[in-house]
Amino acid sequence: MGRAYSTIAFDPAKCDGCGDCMTACAQAKTGTDDIARSRIQIYGREGAPDKTFELALCRQCADPKCVTVCPAGALNKDGTTGVIGWDASKCVDCLLCTVGCAYAGIALDETAGHVSKCDTCDGNPACVPACPHGALKYVTTANIYNEVGDWEDLFAPGLAGCQGCNTELLMRHTLRRVGPDTVLATPPGCVPGMGSVGFNGTTGTKVPVFHPLLTNTAAMLAGIKRQYKRVGRDVQALAIAGDGGASDVGFQSLSGAAERGEQMLFMVVDNEGYMNTGMQRSSCTPYGAWTSTTPVGEASHGKTQDAKNLPLIMVNHRCAYVATASTAYMEDLYDKLDKAIAASKTGFAYLHVYSPCTTGWRFPSNLNMEVARKAVETNFVMLWEYTPQDGLHFTKSVDDPLPVTDYLKAMGRFRHLSPEQVEHIQKKVVENQKFVERMTEHAHVG
């Protein structure tokens, strides 16, 4: 895993073009209010039907063209911070760097008579807090990737996941976090299907891994954990299972282990179906979704039942820890992983991670994170956590959610929906939100 760096992210949907960010930058870098000298520039998009805005700012590129075209060596990327620095003593004012940059991130400051560019204000950019609408964000999530990237990848290279597979991302980062003193259970599903249990006599995982049935994952893992305790070994018992086995035929085993408080971390990778065996529906598949067993035609218009809310069912087991998570919010996911690992030392920890499936959900592989993010922004997926001591609370509340159509239209599996079906899904999203909100209120009262 390569190094990652923090960066300034821009959300054009939140920008109204007020220019406060440019003023703040000009004041910080030049001591004036002249926004023409700001290193960040906001432009109105020409020809757009609505008033929208675009950003001109140094992106601190991983392979910066400005650096490669500079004949004087005046630009250089700092390998520690990721910031591209400019050395005035070397610059010959040829302006070739302004031609090389595709983002208009480096430009001539006519007052100063030389080029200028963003240096992120030593990691505390003045433009970000100046934005009154939250359109700018200094994204520090990259620090997590650097930290985790320094740990050993406990899966073998070359796992056979689909292009853009979210589950492989989740598997690798989870094992890095949990560490090598782990016994892993991966029942039938995408996880072993892509090679966690190995191919042709080879092993796909660098920790002990076994391949139980769909029906007995939690029971087998509980027995293994108890045996290790009996011989005095402290190992992390971890299951990475799909939603189908966990919520359907494997639920009796899962429920029993949770009721007994077995000391393990059970992670469900929820791609809302049996995706590795032909994309069949599971009880976690949402209403209206196309699957190979809920087809779309004259007599059928997708799944006719609403999805089972498995994480809320697990709350009713009074587990030591229950949480929902999404790979679109990695800081939140890692925080919950830490809490789940700690809780599993004394009881049953359950982590439910929503995992968009590029193949079964029918969307381009490069949109995986966008689909995962839209699910949360529309409240189709809610991120919360529960402990018996503190009750249930949101870890990322969405007070002004986007309409659910913003999420549904991103995927082919919902492309056939009628207005009535969309209305049903929107009502269910609101109903689920109110239900979870009532649980949080009850927790505070208790």
Side-chain angles (χ1 to χ4, degrees), residues 2-45 51-68 70 75-87 97-98 100-109 112 114-147 149 327-332 334 366 369-370 372-374 376-377 396:
R3 302 296 292 174
Y5 304 106
S6 298
T7 188
I8 298 173
F10 174 62
D11 185 349
K14 296 180 179 178
C15 180
D16 68 353
C18 68
D20 287 359
C21 58
M22 292 187 285
T23 302
C25 178
Q27 291 174 343
K29 295 302 181 186
T30 68
T32 73
D33 290 334
D34 183 3
I35 61 172
R37 303 187 66 187
S38 168
R39 284 93 187 273
I40 181 173
Q41 294 291 330
I42 304 294
Y43 296 101
R45 187 176 298 168
K51 190 64 175 178
T52 54
F53 299 90
E54 292 181 340
L55 173 73
L57 180 69
C58 177
R59 309 300 171 90
Q60 320 296 346
C61 301
D63 183 21
K65 299 304 179 186
C66 60
V67 173
T68 58
C70 177
L75 293 162
N76 185 54
K77 186 173 181 65
D78 188 310
T80 301
T81 65
V83 173
I84 298 170
W86 172 70
D87 187 341
C97 54
T98 66
C101 178
Y103 303 106
I106 184 167
L108 175 65
D109 182 336
H114 54 67
V115 295
S116 65
K117 66 175 294 300
C118 172
D119 61 3
T120 72
C121 301
D122 295 326
N124 188 24
C127 57
V128 173
C131 177
H133 309 296
L136 294 171
K137 184 178 180 182
Y138 191 56
V139 183
T140 58
T141 305
N143 294 332
I144 289 177
Y145 289 93
N146 289 337
E147 178 186 359
T327 48
Y329 299 89
M330 294 299 279
E331 287 178 291
D332 182 73
Y334 280 118
N366 64 328
M369 287 301 111
E370 178 63 16
R373 191 176 296 110
K374 278 290 186 295
V376 176
E377 291 175 341
K396 182 175 177 57

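Nearest heavy-atom pair across Ile42 and Cys21 is CG1-SG, 3.8 Å. When all heavy atoms of Ala126 and Ala24 are compared, the pair lying nearest together is O-CB, 3.8 Å. Here the closest heavy-atom approach between residue Cys25 and residue Ser38 is recorded as CB-OG, 3.3 Å.
A distance of 14.0 Å separates CD1 of Ile106 from CZ of Arg59, quoted to the nearest 0.5 Å. Between atom OH of residue Tyr43 and atom SG of residue Cys15 there is a gap of 13.0 Å, rounded to the nearest 0.5 Å. Remark: Ile8 CD1 to Lys137 NZ distance equals 13.5 Å, nearest 0.5 Å. Taken from CD1 in Ile35 to CD1 in Ile40, the straight-line distance is 11.5 Å, to the nearest 0.5 Å. Tyr138 OH to Thr7 OG1: the interatomic distance, rounded to the nearest 0.5 Å, is 7.5 Å. Here Lys117 contributes atom NZ and Cys66 contributes atom SG; the two are 6.5 Å apart, rounded to the nearest 0.5 Å.
The 12-atom threshold is exceeded at CG of Asn366, counting heavy atoms of other residues, nucleotides or ligands nearer than 6.0 Å. Heavy atoms of other residues, nucleotides or ligands lying less than 6.0 angstrom from NZ of Lys77 number more than 12.
Side-chain contact between Pro125 and Cys118 is absent, with no heavy atoms from C-beta onward closer than 4.5 Å. Between Val67 and Ile84, the closest side-chain pair of non-hydrogen atoms falls below 4.5 Å. Using a 4.5 Å heavy-atom threshold, the side chains of Phe10 and Leu57 count as separate. By the 4.5 Å heavy-atom criterion applied to side chains, Trp86 and Cys97 are not counted as neighbours. Between Tyr334 and Glu147, the closest side-chain pair of non-hydrogen atoms is not below 4.5 Å. Annotation: side chain of Thr81 is not in contact with side chain of Gln60 (no heavy-atom distance under 4.5 Å). Residues Val115 and Asp109 fail the side-chain proximity criterion, which asks for heavy atoms closer than 4.5 Å.
Looking only at distances, a side-chain donor or acceptor of Tyr5 sits under 3.5 Å from a matching main-chain atom of Gly79.
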Checklist entry - Can Asp119 and Lys29 be said to form a side chain to side chain contact (heavy atoms under 4.5 Å, CB included), step by step? => result CA-CA 10 Å; Asp119 61 3; Lys29 295 302 181 186; 2.8 Å; yes
